[in-house]
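Data block below; observations after.
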Amino acid sequence: MKPKSEDELAQMIAGANGPLRIKGGGTRPIGRCEGTEISTANLSGISLYEPGALTVVAGAGTPISEVEKALAAENQRLAFEPMDHRPLFGTKGAPTLGGMAAANVSGPRRISVGACRDFMLGVRMVDGAGNIIKNGGRVMKNVTGYDLVKLMTGSYGTLGVLTEISLKVLPNVECTGTVRLHGLSDRQAIESLSSALGSPFEATAAAHFPKGPSGDPVTMLRIEGFESSVKYRADKLQDLLKAYGEAEISIGDGSEWAAVRDVSSFADQVGDVWRISAKPSDAPEIVSRMDAKAVQYDWGGGLIWALADEGRDLRSALGDFDGHATLIRGKADVPTFQPEIPALAAITAGLRQKFDPRGILNPGIMS
């Protein structure tokens with residue numbers, strides 16, 4: 001089913017007699033879900049863009065590339081740099097705003113500016129009963145009752161189908177600098193990244209590869225802004241990190257960070273892909289328990305990407321830790337998302353009962 005309008009979508013959901021599988025661009029097949037496919041592809045197009053107000057409003061089916069092109073023409077950007085999952089899954093099509101918001105997709109800049117959720121200003125949606133709901137607005141400060149905007153972001157379509165999204169955008173940067181260290185152990189790398197992120201030199205991304213392109217460990221920091229400022233801060237970080245070795249500095253457009261954002265090093269490799277959120281200080285110990293085929297640290301160690309053997313329950317191997325593990329791509333016979341503690345599970349069930357009383361929207365996708 002491919003509704004041409006929000007009203008038609010509401011009628012389809014209200015009249016549904018079975019499970020519905022919500023589809024945007026079809027580029028992020030995370031989780032397991034069965035049901036009649038209902039697409040938001042026709043709910044597309046930018047309806048409002050005010051560069052002076054740093055605000056854009058578009059349909060949920062709008063390709064992210066279309067929004068980014070419009071923003072680039074005004075020297076602006078989606079600051080949270082949403083990840084493109086196509087390399088990881090080998091999928092085609094175009095990632096959409098709705099899919100991005102539904103999965104709260106955020107990239108390496110998450111540690112400096114916030115996640116997709118933090119840039120969401122307003123949404124329009126259709127709940128599981130076919131009701132059209134609007135929440136939020138077009139400015140950061142608005143009084144509209146319950147903050148359903150944040151609730152919907154990251155709900156994977158289980159509470160409602162997004163039809164329109166309002167986003168805050170930010171100016172683009174003039175220049176990008178990358179500071180690299182080589183040969184560090186995981187623990188040394190996380191210590192160096194933590195030191196840099198705790199400094200006043202405003203790194204906007206921090207990643208570590210135990211095996212870089214050449215097979216040796218590579219630790220990376222990103223600095224963005226005006227060229228003179230980038231060069232100054234890169235030099236300062238180089239001095240700050242001398243205890244960890246001689247750092248290399250490169251100044252350019254920062255295109256190398258797309259591979260970090262999209263976990264491109266896992267793209268053509270066989271195995272299950274796990275996404276682990278943890279305290280950076282705990283990350284090296286957690287990785288030591290994985291026996292993973294490959295690992296990538298992002299967010300200064302707060303995000304771990306792991307490539308494991310197909311079908312392996314990596315979550316059990318990790319045991320208890322302060323964080324959660326999500327099966328992004330794979331064949332392991334486990335819940336996609338970290339099982340919730342009973343109190344939180346009760347709240348989740350209550351919310352789903354309220355917004356989707358028949359349980360027809362993406363059933364099972366988060367279990």
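With sequence neighbours excluded, no residue forms a side-chain hydrogen bond (donor to acceptor under 3.5 Å, both in side chains) with S265. Contacts of R222 classified as salt bridge (charged side-chain N to carboxylate O under 4.0 Å, His left out), with partners at least two apart in sequence or in another chain: E81, E224. Among residues two or more places apart in sequence or in another chain, the side-chain hydrogen bond (donor to acceptor under 3.5 Å, both in side chains) test is passed with E8 by none.
Evaluated for a side chain to side chain contact (heavy atoms under 4.5 Å, CB included) with L71, the options L170, V169, L167, L54 yield exactly one hit, V169.
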Does the side chain to side chain donor-acceptor pair (under 3.5 Å) test come out yes or no for D262 and S264, once each step is laid out?
CA-CA 5 Å; D262 300 338; S264 298; 4.7 Å; no

Can you list the steps and then say if E256 with S250 is a side chain to side chain contact (heavy atoms under 4.5 Å, CB included)?
CA-CA 11 Å; E256 65 268 30; S250 61; 4.1 Å; yes

Passes salt bridge (Lys or Arg N to Asp or Glu O under 4.0 Å), R187 versus E191? Steps please.
CA-CA 6 Å; R187 190 163 296 282; E191 288 176 357; 5.7 Å; no

Output, in order, the C-alpha distance, side-chain angles, deciding distance and verdict of side chain to side chain contact (heavy atoms under 4.5 Å, CB included) for D282 and F321.
CA-CA 8 Å; D282 293 343; F321 69 99; over 6 Å; no

Please lay out, stage by stage, how I304 and I286 fare under the test side chain to side chain contact (heavy atoms under 4.5 Å, CB included).
CA-CA 9 Å; I304 305 165; I286 291 171; 4.3 Å; yes

Let me see the working for W257 and T178 under side chain to side chain donor-acceptor pair (under 3.5 Å), right down to the final yes or no.
CA-CA 9 Å; W257 285 92; T178 299; 3.0 Å; yes

Take M152 and V149 through the test side chain to side chain contact (heavy atoms under 4.5 Å, CB included) and record every step on the way to the result.
CA-CA 5 Å; M152 289 296 295; V149 179; over 6 Å; no

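Crowding of K293 atom NZ: a count of heavy atoms from other residues, nucleotides or ligands under 6.0 Å exceeding 12. A 6.0 Å sphere centred on OH of Y232 holds no more than 12 heavy atoms belonging to other residues, nucleotides or ligands. A 6.0 Å sphere centred on CG of D333 holds no more than 12 heavy atoms belonging to other residues, nucleotides or ligands.
If you chain together hydrophobic residues whose side chains sit under 4.5 Å apart, L151 and V126 never meet in one group. Both L303 and I30 sit in one connected hydrophobic cluster of ILVMFWY residues. Membership requires side-chain heavy atoms under 4.5 Å apart, directly or through other members. Residue L159 is grouped with residue M366 when hydrophobic side chains (ILVMFWY) are merged at heavy-atom distances under 4.5 angstrom, including chains of intermediate members. Criterion: ILVMFWY side-chain heavy atoms under 4.5 Å apart, direct or through other members. Under it, I64 and M83 are part of a common hydrophobic cluster. Connection of L88 to V295 is not established within any shared hydrophobic cluster, with ILVMFWY side chains joined at heavy-atom distances below 4.5 Å, either directly or through further cluster members.
The closest side-chain heavy-atom distance from R312 to D291 is below 4.5 Å. Using a 4.5 Å heavy-atom threshold, the side chains of K134 and E164 count as separate. Side chains of M100 and P95 form no contact here, defined as non-hydrogen atoms less than 4.5 Å apart. The closest side-chain heavy-atom distance from P217 to H208 is below 4.5 Å. In this structure, I360 and I13 have side chains that are in contact, with non-hydrogen atoms separated by less than 4.5 Å. Contact of the M1 side chain with the L20 side chain is registered, since non-hydrogen atoms from C-beta on lie closer than 4.5 Å. Considering only heavy atoms from C-beta on, L221 comes within 4.5 Å of L193 through its side chain. Put simply, the side chain of L162 does not reach to within 4.5 Å of the side chain of T40, judged on heavy atoms.
With hydrogens and angles ignored, the 3.5 Å screen pairs no side-chain donor or acceptor of R124 with any backbone N or O of I132. With R77 contributing its side chain and P171 its backbone, the two residues share a donor-acceptor pair below 3.5 Å. Remark: the backbone N or O of F201 is paired with a side-chain donor or acceptor of R233 at under 3.5 angstrom. Between the side chain of N135 and the backbone N or O of V123, no donor-acceptor pair lies under 3.5 Å. Without hydrogens or angle criteria, D239 side chain to K236 main chain gives no donor-acceptor distance under 3.5 Å. Within the 3.5 Å criterion, the main-chain N or O of T27 finds a donor-acceptor partner in the side chain of T91. Formation of a donor-acceptor pair under 3.5 Å by the Q238 side chain with backbone atoms of A247 is found in this model. The closest donor-acceptor contact from the side chain of D298 to the backbone of A207 lies at 3.5 Å or more, if one exists at all. With E310 contributing its side chain and K331 its backbone, the two residues share no donor-acceptor pair below 3.5 Å. At distances below 3.5 Å, not a single donor-acceptor pair connects side-chain atoms of T204 with backbone N or O atoms of R109.
Nearest heavy-atom pair across R28 and V105 is NE-CG2, 3.6 Å. Residues F337 and R315 approach most closely at C-NH2, 3.5 Å, considering heavy atoms. Across all non-hydrogen atoms, the minimal contact from R117 to T153 is NH2-O, 2.6 Å. Contact between C33 and I365 at its shortest, heavy atoms only, is CB-CB, 4.2 Å. Here the closest non-hydrogen pair linking S199 and L240 is CB-CD2, 3.8 Å. In terms of heavy atoms, A332 sits closest to R32 at O-NH2, 2.7 Å.
Here CD of E68 is found 11.0 Å from CD of E66. Values are rounded to the nearest 0.5 Å. To the nearest 0.5 Å, the span separating CG on D253 from OG1 on T176 amounts to 7.0 Å. With values rounded to the nearest 0.5 angstrom, F80 atom CZ is found 4.0 Å from C116 atom SG. The CZ atom of R21 sits 11.5 Å away from atom CD1 of I38, with the distance rounded to the nearest 0.5 Å. Put simply, CZ on F355 and CG on D127 are 7.5 Å apart, with the number rounded to the nearest 0.5 Å. Between the CZ atom of R275 and the OG1 atom of T326 there is a distance of 6.5 Å, given to the nearest 0.5 Å.
D186 and Y297 are linked by a side-chain donor-acceptor pair at a separation below 3.5 angstrom, with hydrogens and angles left out of the test.
Taking the charged nitrogens against the carboxylate oxygens, K231 and E227 do have a contact shorter than 4.0 Å, which makes a salt bridge.
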